[in-house]
Amino acid sequence: MTDNRPGDSSHRRRADGRSIPTDRESPVGAPVIRGDESVAGTRAREAVQFDPDDPDSLADAAETVREFASGSTNDDHLYMLRGAAACAALVRGEGSYKAAAERAGGDATVSFIRKWARVHDLPRSVRKQVALGRIAPTAAKHIARVGGEARLLLAWATLDGNLTVREVRNVASTINDGTPIEQALADHDVTLGRLELTLSPSTYRNLRRRASVDGVAPGDIVTDALEQYFD
């Protein structure tokens, strides 16, 4: 599996024992998505990498976080991913959310930095949808609040169910309160796993014929075939 892990953020520890949040297989602050021309186009050349182990780069991250928190800079989805990367790198470099907030200053609170650092820790497949503008960065903040497999499931349900940011926030809160994700989504008229597909006429014909002969739903055949494909 090439995707980042979908579970709760793991933590590495500094020599002094403090926990440093990171769930990235790629280096923290690396522009894996922002630097991908297939996603960002010509703007990929402008992608900035924040190195938490480099003092100058860490200073740039602190400045970016401060500007990002002030809301005085460009508010597009790629810039917001850059701000999230800066938050993650600053936390890593300073060792805690509190220290990162103190280093950034301005309007950069602990809560602000924690939320956006979590966005940077989202699996690559989800961050790509944010970069493409299909998942709003503000929705990604709430998706990032959810742990385990539900995090990925909520991301895809956001796309397939056309959930608003407010609905994503409500679903995330309901999940974190202990409600199964299937029920949390059903409360917003979204069926987990329902996906509209367009098949070639011949594949559609064969699928329908086989489902009729076997007495099963077409989705059962598709599920079996995909499970074998992903094994």
Side-chain angles (χ1 to χ4, degrees), residues 3-35 47-75 77-124 126-127 130-131 135 137-152 154-155 168-169 172-173 175-177:
D3 201 358
N4 290 334
R5 292 165 296 172
D8 292 324
S9 292
S10 59
H11 291 75
R12 298 178 183 177
R13 291 189 175 275
R14 294 165 55 107
D16 58 11
R18 285 186 293 170
S19 180
I20 304 172
T22 176
D23 195 26
R24 293 291 296 273
E25 292 180 354
S26 55
V28 172
V32 176
I33 298 298
R34 292 175 291 119
V48 176
Q49 175 168 343
F50 300 104
D51 183 353
D53 297 318
D54 179 88
D56 291 336
S57 183
L58 198 61
D60 290 340
E63 181 179 356
T64 298
V65 171
R66 183 166 53 251
E67 293 176 350
F68 183 37
S70 72
S72 61
T73 52
N74 203 353
D75 202 29
H77 48 278
L78 285 175
Y79 177 80
M80 295 175 91
L81 283 179
R82 179 184 178 186
C87 286
L90 192 59
V91 171
R92 182 71 174 278
E94 293 297 325
S96 71
Y97 293 116
K98 181 178 179 180
E102 292 174 350
R103 174 72 182 272
D107 297 321
T109 64
V110 168
S111 176
F112 178 88
I113 291 176
R114 180 187 294 113
K115 288 177 181 178
W116 286 105
R118 285 174 177 171
V119 169
H120 189 63
D121 273 350
L122 283 170
R124 180 176 179 177
V126 178
R127 287 182 287 115
V130 176
I135 294 179
T138 46
K141 284 196 304 181
H142 298 298
I143 293 170
R145 292 165 46 207
V146 177
E149 184 183 43
R151 177 183 293 180
L152 272 176
L154 178 55
V168 174
R169 181 190 65 192
S173 295
I175 293 171
N176 286 336
D177 285 340

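Small disclaimer: the values here were computed from a predicted structure and weren't measured.
Asp107 and Ser70 get closest at one heavy-atom pair: OD2-CA, 3.6 Å. When all heavy atoms are compared, the tightest approach of Ala89 to Pro52 is O-CB, 3.4 Å. The minimum heavy-atom distance linking Ala150 with Val146 is given by the pair CB-CG1, 3.5 Å. Ile135 and Ala140 make their closest contact through CG2-N, 4.2 Å (heavy atoms, listed as atom of the first residue, atom of the second, distance). The shortest heavy-atom contact between Ala61 and Ala86 is O-CB, 3.7 Å.
Side-chain atoms of His142 do not come within 3.5 Å of backbone N or O of Val168 as any donor-acceptor pair. Looking only at distances, no side-chain donor or acceptor of Arg118 sits under 3.5 Å from a matching main-chain atom of Ala144.
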Checklist entry - Hey, mind stepping through Cys87 and Phe112 against side chain to side chain contact (heavy atoms under 4.5 Å, CB included) and telling me if it holds? => result CA-CA 9 Å; Cys87 286; Phe112 178 88; 4.3 Å; yes
Next on the checklist: I'd like to know whether Arg82 forms a side chain to side chain contact (heavy atoms under 4.5 Å, CB included) with Phe68, so could you lay out the CA-CA distance, the side-chain angles of the two residues, the decisive distance to 0.1 Å, and finally the verdict.
Outcome noted: CA-CA 9 Å; Arg82 179 184 178 186; Phe68 183 37; over 6 Å; no
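Applying the side chain to side chain contact (heavy atoms under 4.5 Å, CB included) test to Ala108 and every residue at least two apart in sequence or in another chain returns Val65, Ala69, Ala104, Ile113. The side chain to side chain contact (heavy atoms under 4.5 Å, CB included) search around Ser173 returns Arg145, not counting sequence neighbours. By the side chain to side chain contact (heavy atoms under 4.5 Å, CB included) test, Arg103 is found to be paired with Leu58, Ala59, Ala62, Leu90, Glu94, residues two or more places apart in sequence or in another chain being considered. For Glu63, the side chain to side chain contact (heavy atoms under 4.5 Å, CB included) criterion is met by Arg66, Glu67, not counting sequence neighbours. Among residues two or more places apart in sequence or in another chain, the side chain to side chain donor-acceptor pair (under 3.5 Å) test is passed with Arg114 by none.
The distance from the NE2 atom of His120 to the CG atom of Leu122 is 10.0 Å, given to the nearest 0.5 Å.
Contact check for Thr64 versus Phe50: side-chain heavy atoms found under the 4.5 Å cut-off. Within the 4.5 Å cutoff, the side chain of Leu152 has heavy atoms near those of the Pro123 side chain.
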